[in-house]
Number of protein chains: 2
Amino acid sequence: MASLITRLDTTEADFSRKLSSLLAFEASEDEAIDRAAAQILASVKASGDTAVLEATNRFDRLNASSVAALELTQEEMQAALASLNAERRTALETAAARVRAYHEIQKAECGSAGFSYTEADGTVLGQKVTPLDRVGIYVPGGKAAYPSSVLMNAIPAKVAGVKEIIMVVPTPDGVKNPLVLAAAAIAGVDRVFTIGGAQAVGALAYGTATIPAVDKIVGPGNAYVAAAKRRVFGVVGIDMIAGPSEILVLCDGTTDPDWVAMDLFSQAEHDELAQSILLCPDEAYIEAVQASIIKLLPAMPRHEVIRTSLANRGALIKVRDMDEACEIANSIAAEHLEISAENPQQWADKIRHAGAMFLGRYSSESLGDYCAGPNHVLPTSRTARFSSPLGVYDFQKRSSMIFVSEQGAQTLGKVAAELAYGEGLQAHARSAELRLKS
Amino acid sequence: MASLITRLDTTEADFSRKLSSLLAFEASEDEAIDRAAAQILASVKASGDTAVLEATNRFDRLNASSVAALELTQEEMQAALASLNAERRTALETAAARVRAYHEIQKAECGSAGFSYTEADGTVLGQKVTPLDRVGIYVPGGKAAYPSSVLMNAIPAKVAGVKEIIMVVPTPDGVKNPLVLAAAAIAGVDRVFTIGGAQAVGALAYGTATIPAVDKIVGPGNAYVAAAKRRVFGVVGIDMIAGPSEILVLCDGTTDPDWVAMDLFSQAEHDELAQSILLCPDEAYIEAVQASIIKLLPAMPRHEVIRTSLANRGALIKVRDMDEACEIANSIAAEHLEISAENPQQWADKIRHAGAMFLGRYSSESLGDYCAGPNHVLPTSRTARFSSPLGVYDFQKRSSMIFVSEQGAQTLGKVAAELAYGEGLQAHARSAELRLKS
């Protein structure tokens with residue numbers, strides 16, 4: 001059974017080393033991909049629509065006559081929405097409504113109103129918060145085309161107040177995904193171009209005659225898209241470059257082991273590099289989860305992907321107690337952290353680093369992936385130590401507001417001049433001193 | 001006079017093209033620098049202290065026997081503070097207190113408390129906000145060593161609740177800057193290592209036996225430091241890679257032209273690539289500012305830098321009216337925007353994109369650079385379209401909190417399963433369905 005999934009115990013002498021090696025993941029930086037992406041970006045920057053059209057027709061095997069012909073009409077989007085069966089449409093609309101509701105509250109709670117305060121001498125200081133003007137959303141084509149991702153990327157931008165959302169989605173061989181288009185219609189995406197790859201990233205970053213330049217590009221993509229996003233960062237904003245998805249389950253041994261096994265599968269089925277780890281103080285329970293894995297795996301349609309992921313990157317780890325589990329969880333800083341336990345809040349209080357926490361045995365990660373409300377775009381590969389779920393705040397920016405009164409300039413001017421002379425910046429000092437009354 | 005500073009008029013036929021060419025700036029990406037930085041990072045990752053020590057002794061011409069010998073003691077920091085004259089020390093302490101006060105209010109206003117709400121079926125959703133554990137601050141050595149930058153980078157981290165701040169500052173030939181060390185003491189920096197360059201970035205990102213790994217690296221540096229920061233992004237968080245500093249002055253023609261001229265100088269004196277632009281509807285006033293420039297420039301100690309900066313990158317631009325000035329300001333998205341006018345708020349209300357706005361004729365940028373309170377680390381090169389001043393929020397991150405009640409799992413489970421089947425992710429669907437009561 002060693003080949004099914006790794007078993008570890010924190011009391012082993014070399015546990016830390018084994019855990020580190022299990023967690024180790026470095027995105028391969030392929031020089032050839034990076035160079036190819038750079039060339040495509042340069043051609044789009046130089047030739048605009050011509051380059052976008054040429055690359056799209058070539059890579060996606062299309063025969064479009066112009067970039068304008070690659071734009072979908074709102075009628076096509078609405079038709080895609082109308083084509084869904086009632087159950088699926090209702091599910092998509094329910095998910096969108098819940099995601100919207102959560103992000104509306106997030107907006108209200110994250111300081112979107114800015115602030116301002118007045119000092120005794122009349123000086124006013126504060127911060128103004130404004131939405132981005134225009135945002136581009138990259139949606140992958142083919143097998144990884146997830147309508148839920150369209151909702152999760154577009155809705156926070158809408159809630160933030162972004163005036164225009166441009167979606168790009170490649171349609172290799174002209175095949176469109178009606179669920180993705182329906183999600184775009186529900187989310188309120190303004191324009192959709194059926195382009196993808198580095199050429200789509202370049203078009204959004206630099207703008208072309210047909211495709212307007214955006215201020216930020218979000219959404220997942222393949223290695224070419226990731227390389228292109230890294231390169232245009234600074235010209236536009238980008239979101240995080242996502243690594244493989246991860247779930248870490250902390251379980252006190254009181255949850256149905258079938259549930260935990262299936263939660264581990266739900267991450268492992270994404271791809272072979274996805275990571276599913278269980279931390280539990282109860283050896284017998286770990287055995288039971290392993291038995292559930294063996295029992296449930298054969299019936300899963302994606303069992304081959306799950307098997308490879310669990311064997312190469314999964315682990316069932318016996319811990320001394322739940323406190324140690326929390327410590328390890330903080331060092332792993334997982335994208336998804338399930339605390340499947342009695343009184344889960346006591347353990348959540350000890351967690352400093354996680355993209356999202358799923359508390360209690362009914363909070364399966366899959367509920368959060370689709371419809372609980374919070375965003376499913378989360379920091380991977382330990383980046384939860386310093387970054388956050390995608391949110392309304394990613395589509396807003398702040399400006400400092402400084403109004404110094406005449407009286408305020410008298411006191412502040414002397415301080416500034418003293419420090420400016422100390423730094424050898426005399427024009428800074430003089431600029432402050434000119435405002436001093438003699 | 002054409003060589004002093006460019007004069008433009010928005011009514012000229014090719015104004016847009018001329019403005020674009022004036023604003024155009026692309027950070028030169030030097031392949032050799034990038035490769036050198038990559039090699040140093042690789043050696044630090046592989047050999048830790050040994051590599052850091054070797055590189056530091058070589059590049060900074062030191063003879064340190066160990067990395068531990070490169071750490072400054074708290075006594076040295078306090079001695080540096082004690083060595084300042086009373087005026088300078090008071091100025092530094094006043095600035096620190098004001099910066100701290102502003103960021104305390106920012107923390108209270110930016111959603112640091114997180115939020116949580118309970119739905120009718122008992123499901124609880126929310127967001128937890130936590131500080132980063134440990135942050136590294138890069139401080140340049142030599143001529144660009146600014147104590148004000150130490151305050152502006154360290155204080156928001158402290159206010160956010162970061163437990164440990166590690167500062168690195170190179171000391172070429174062993175020369176230490178007492179003002180920088182004094183600022184570190186005032187700001188509450190925990191540890192200081194006299195190392196710099198890509199080796200310092202590598203040490204902070206990967207950790208060595210002596211230098212602890214951090215979660216985020218902030219602070220400006222030279223081209224090697226910038227290249228190294230780009231490369232370690234993902235292993236740790238980084239702040240923005242800053243471009244040349246910019247000031248844009250919107251003036252209605254009612255401010256003393258000497259003041260505006262000096263404000264333009266205060267940006268231009270930073271370096272030859274800094275950019276100073278005036279927008280004004282009053283031709284006679286623009287002439288007066290130009291006369292002030294000619295009059296005041298010779299007496300400036302840094303007149304050569306100012307002259308080059310104004311000649312190559314500066315401009316005095318005649319606009320049709322203040323409304324047009326605001327439109328242009330939005331397209332420029334300046335780092336520093338002075339609105340030197342009667343009733344400045346009316347124009348500020350029209351500004352969507354700026355790093356910091358300085359309202360009214362007494363609010364010189366230099367007051368904000370040192371002691372008004374808001375941060376002086378601001379988005380450059382039009383990135384104010386999508387990014388914000390450095391703030392408390394840069395040293396915090398959020399985790400989504402999802403507690404789904406048993407009842408909530410019944411409704412959410414059906415929605416999630418429907419969408420998961422639609423995406424071909426059956427384990428996701430089964431994970432939700434296992435929680436449904438039959």
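Note on naming: letters A, B, ... go to the chains in the order of the sequence lines (proteins, then strands), and numbering restarts at 1 for each one.
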Options [options], ranked by heavy-atom pairs under 4.5 Å with chain A, top entry:
options: Ala108(B), Ser387(B), Gly368(B); answer: Ser387(B)
options: Ala417(B), Gly243(B), Ala420(B); answer: Ala420(B)
options: Gln396(B), Met300(B), Gln345(B); answer: Met300(B)
options: Ala95(B), Pro344(B), Ser148(B); answer: Ser148(B)
options: Ser266(B), Gly111(B), Cys110(B); answer: Ser266(B)
options: Pro389(B), Ala268(B), Gly360(B); answer: Pro389(B)

Ignoring hydrogens and angles, tell me if any N or O in the side chain of [X] forms a donor-acceptor pair with the backbone of [Y] under 3.5 Å.
X: Ser366(B); Y: Ala429(A); value: no
X: Ser399(B); Y: Ala356(A); value: no
X: Lys128(B); Y: Met357(A); value: no

Got [X] and [Y] here, is their nearest side-chain heavy-atom distance under 4.5 Å?
X: Phe265(A); Y: Arg430(B); value: no
X: Tyr370(B); Y: Leu425(A); value: yes
X: Leu125(A); Y: Arg98(B); value: yes

Original post:
Aromatic ring centroids of Phe115(B) and Tyr102(A) under 6.0 Å?
Top reply: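 Between Phe115(B) and Tyr102(A), the centre distance is under 6.0 Å.
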What are the two closest heavy atoms between [X] and [Y], and how far apart are they?
X: Ala416(A); Y: Leu367(B); result: CB-CD2, 3.9 Å
X: Ile402(A); Y: Ala372(B); result: CG2-CB, 4.0 Å
X: Ala427(A); Y: Ile306(B); result: CB-CD1, 4.5 Å
X: Ser400(B); Y: Leu378(A); result: OG-CD2, 4.4 Å

Between [atom1] on residue [X] and [atom2] on residue [Y], distance to nearest 0.5 Å:
X: Ser112(A); Y: Glu109(B); atom1: OG; atom2: CD; result: 12.0 Å
X: Ile105(B); Y: Tyr117(A); atom1: CD1; atom2: OH; result: 4.0 Å
X: Phe403(B); Y: Tyr362(A); atom1: CZ; atom2: OH; result: 10.0 Å
X: Met401(A); Y: Ile339(B); atom1: CE; atom2: CD1; result: 6.5 Å
X: Leu92(B); Y: Glu418(A); atom1: CG; atom2: CD; result: 9.5 Å
X: Thr130(B); Y: Asn330(A); atom1: OG1; atom2: CG; result: 9.0 Å

Just give me the residue among [options] that pairs up with chain B most often, heavy atom to heavy atom, under 4.5 Å.
options: Gly408(A), Pro301(A), Ala261(A); answer: Pro301(A)
options: Thr123(A), Leu412(A), Thr380(A); answer: Leu412(A)
options: Phe233(A), Phe358(A), Phe395(A), Trp259(A); answer: Trp259(A)
options: Arg352(A), Glu87(A), Lys414(A), Arg302(A); answer: Arg352(A)

Between [X] and [Y]: side-chain donor-acceptor atoms closer than 3.5 Å:
X: Glu365(A); Y: Ser431(B); value: no
X: Asp133(B); Y: His353(A); value: yes
X: Gln127(B); Y: Gln106(A); value: yes

Chain A heavy atoms under 4.5 Å from [X]: which part of the residue, side chain, backbone, both or neither?
X: Glu119(B); answer: side chain
X: Tyr393(B); answer: side chain
X: Val214(B); answer: backbone
X: Leu419(B); answer: both
X: Ser405(B); answer: backbone
X: Val129(B); answer: neither
X: Glu338(B); answer: side chain
X: Ala348(B); answer: both
X: Asp215(B); answer: both
X: Arg382(B); answer: neither

Original post:
Considering only heavy atoms, which portion of Val235(A) lies under 4.5 Å from any heavy atom of chain B: side chain, backbone, both, or neither?
Top reply: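 Contact with chain B involves the backbone of Val235(A) alone.
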Original post:
So His270(A) and His428(B), would you call those rings parallel, tilted or perpendicular, with 30° and 60° as cut-offs?
Top reply: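 His270(A) and His428(B): perpendicular rings.
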**OP:** Identify whether the distance between the nearest side-chain nitrogen and carboxylate oxygen of Asp256(B) and Arg435(A) falls below 4.0 Å.
**Re:**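 Salt bridge between Asp256(B) and Arg435(A), a charged N being under 4.0 Å from a carboxylate O: no.
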**OP:** Kindly write out the residues that satisfy side-chain contact (heavy atoms from CB on, under 4.5 Å) with Thr411(A), not counting sequence neighbours, or none if the list is empty.
**Re:**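 With sequence neighbours excluded, Thr411(A) shows a side-chain contact (heavy atoms from CB on, under 4.5 Å) to Asp121(A), given in chain and number order.
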**OP:** Tell me, please, which residues at least two apart from Ala384(B) pass side-chain contact (heavy atoms from CB on, under 4.5 Å).
**Re:**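 Testing Ala384(B) for side-chain contact (heavy atoms from CB on, under 4.5 Å), a comparison that skips the adjacent residues, returns Ala333(B), Pro379(B).
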Original post:
Out of Leu132(B), Val135(B), Ile238(B), which residue meets the side-chain contact (heavy atoms from CB on, under 4.5 Å) rule with Phe386(A)?
Top reply: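 Single pass found, and it is Leu132(B).
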